[in-house]
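Report on the following structure.
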Number of protein chains: 2
Amino acid sequence: MQTERQKEIIEAALVLINDKGIQGFTIKNLANKIGITEPAIYRHFTNKIQILISILEYFKTSTKDILKKELNNNDTSIEKIGHLFTNHFIRFSTTPSLVSVIFSEEVFRSEPILIEKITEVIERNDNILIKIICDGQANGEIRNDIEAKYLSIVIMGSLRLFVKKWQFAGNSFNLRAEGEKLIESIKLIIEK
Amino acid sequence: MQTERQKEIIEAALVLINDKGIQGFTIKNLANKIGITEPAIYRHFTNKIQILISILEYFKTSTKDILKKELNNNDTSIEKIGHLFTNHFIRFSTTPSLVSVIFSEEVFRSEPILIEKITEVIERNDNILIKIICDGQANGEIRNDIEAKYLSIVIMGSLRLFVKKWQFAGNSFNLRAEGEKLIESIKLIIEK
DNA sequence: TGGAAGTTAGTGAACATTCACTAACTTTGT
DNA sequence: ACAAAGTTAGTGAATGTTCACTAACTTCCA
């Protein structure tokens with residue numbers, strides 16, 4: 001489990017990465033943000049990479065909660081996809097710095113362990129989405145003139161770009177409200 | 001105009017960024033890659049930022065050629081969108097490091113001048129795509145139950161994610177061939 | 001022969017990390 | 001009940017390394 005201070009460091013690191021990119025994520029900046037000195041950071045993490053690893057864990061577990069809740073209900077496949085993304089929009093609205101994690105290939109490029117971890121997360125999410133699509137195609141809800149693999153790229157790609165635009169715009173529009181419209185468009189696209 | 005050496009530096013920088021990210025883009029690595037010493041770089045560029053600016057210019061002008069050729073012919077809107085992306089796939093296949101530029105928000109985050117330049121490029125491409133979609137909607141080619149703005153996110157987002165996956169996979173599959181299938185899927189999605 | 005393009009050898013600043021040390025707690029033995 | 005011993009979370013100073021960049025010298029070619 002994580003101590004209060006560790007959580008504080010992880011959250012500060014996320015904000016730092018979100019605001020200034022990897023280049024801004026230095027131990028000095030991190031310590032300044034929290035209001036302690038640089039060496040104090042090392043009382044809570046053995047090194048910088050461990051902080052990044054914890055960020056990924058933090059994201060992974062908080063994603064798991066969303067997924068569990070959604071996947072095991074009796075909604076239709078299309079409804080499931082809708083809810084999945086609504087939940088993500090809510091999560092990103094509450095903690096905008098989390099967005100950096102889903103576009104973190106660049107941030108985590110430095111270390112093979114990090115690349116491995118991020119690949120794991122991406123692949124798991126991919127597989128979940130493809131599974132939902134396949135189910136929907138099997139029961140006639142979702143069009144089957146396009147392979148699930150390609151539909152998943154269309155869905156995930158749309159949402160990623162949309163969130164990226166929100167991040168690029170400095171979170172200046174309502175992700176939740178605008179996002180609903182995009183979700184509606186995607187539903188129209190994938191339905192049979 | 002650019003000298004041979006300047007071109008060589010720009011291309012080496014692109015490869016470096018593509019292989020190792022921003023963190024790998026140092027003057028030392030750049031000089032090593034070309035086979036000259038660090039100070040020699042400064043005979044050709046006043047500083048590091050100028051190299052990044054030149055990369056963006058390099059991308060911008062080479063994109064302009066593709067766009068010009070495609071926009072002023074008599075193809076249908078859907079064909080135009082298809083050709084646009086086929087051409088990009090060909091370009092990326094020839095010069096894989098160019099992919100880094102379209103995902104360069106992170107790389108160019110350090111300098112306001114760079115952010116401005118990359119924003120310019122993104123907005124121009126966005127507007128061109130939206131224009132094509134609107135034309136297609138007006139003449140009944142493209143579905144109009146979804147706003148052009150959202151369709152453009154779906155199209156652009158799909159292709160970005162697809163190219164990102166290709167980059168992430170170390171360019172291990174045939175972008176051109178696989179890409180054609182994605183383009184066909186997108187055509188099915190947007191047609192009336 | 002002179003300027004362009006290269007070199008060697010440096011600069012200060014920033015980086016992650018380690019050092020010796022301390023103030024303020026908690027635990028433990030008598 | 002209370003002091004000795006140990007722990008936790010912090011400090012300022014310093015580590016070696018890397019960074020972008022520069023001054024001064026040399027080589028090469030038109």
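Both backbone and side-chain heavy atoms feed into the values below; hydrogens, waters and symmetry mates do not. Residue numbers begin at 1 in each chain, while the letters A, B, ... track the order of the sequences.
For the OP1/OP2 pair of C:dT7 and a distance below 4.0 Å, the side-chain nitrogens and oxygens of B:T37 include at least one atom meeting the criterion. The side chain of A:R5 places an N or O atom within less than 4.0 Å of a non-bridging phosphate oxygen (OP1 or OP2) of D:dG10.
Listed nucleotides: C:dT18, D:dA20, C:dA9. Nearest to the side chain of A:P39: C:dT18. Considering only side-chain atoms of B:R43, the nucleotide from C:dT7, D:dG12, C:dC15 that sits closest is C:dT7. The side chain of B:I36 sits closest to C:dT7 out of C:dT7, C:dT17, C:dC15. Of the candidate nucleotides D:dG10, C:dT18, D:dC21, D:dC21 has the atom nearest to the side chain of B:Y42. Looking at the side chain of B:H44, the nearest of the listed nucleotides D:dC19, D:dG10, C:dA5 is C:dA5.
Ion pairing between B:K181 and A:E147 fails under the 4.0 Å rule for side-chain N and carboxylate O. Here A:K165 pairs with B:D126 in a salt bridge; the nearest charged N to carboxylate O distance falls below 4.0 Å. The pair A:K149-B:E178 meets the salt-bridge criterion, with a side-chain N (NZ, NE, NH1 or NH2) lying under 4.0 Å from an Asp/Glu carboxylate O.
Across all strands shown, B:F45 has no heavy atoms under 4.0 Å from either base or sugar-phosphate atoms.
Rounded to an integer number of Å, the gap from NZ of B:K28 to P of D:dT18 is 6 Å. Between the CD1 atom of B:I51 and the P atom of D:dA20 there is a distance of 9 Å, given to the nearest Å. If you take CG of A:L30 and P of C:dA14, they are 18 Å apart, rounded to a whole angstrom. Between the CD atom of B:E4 and the C1' atom of C:dA4 there is a distance of 16 Å, given to the nearest Å. For A:I27 and D:dT15, the CD1 to C1' distance is 16 Å, given to the nearest whole Å. Residue A:N47 contributes atom CG, which lies 17 Å from atom P of C:dC15 at whole-angstrom precision. For B:I41 and C:dG6, the CD1 to C1' distance is 12 Å, given to the nearest whole Å. A straight line from CG of B:N29 to P of D:dA20 spans 8 Å, rounded to a whole angstrom.
Ring planes of B:F162 and B:F173: tilted class, angle from 30 to 60°.
Side-chain N or O atoms of A:Q137 include one that pairs as donor or acceptor with a backbone N or O of A:R143 at under 3.5 Å.
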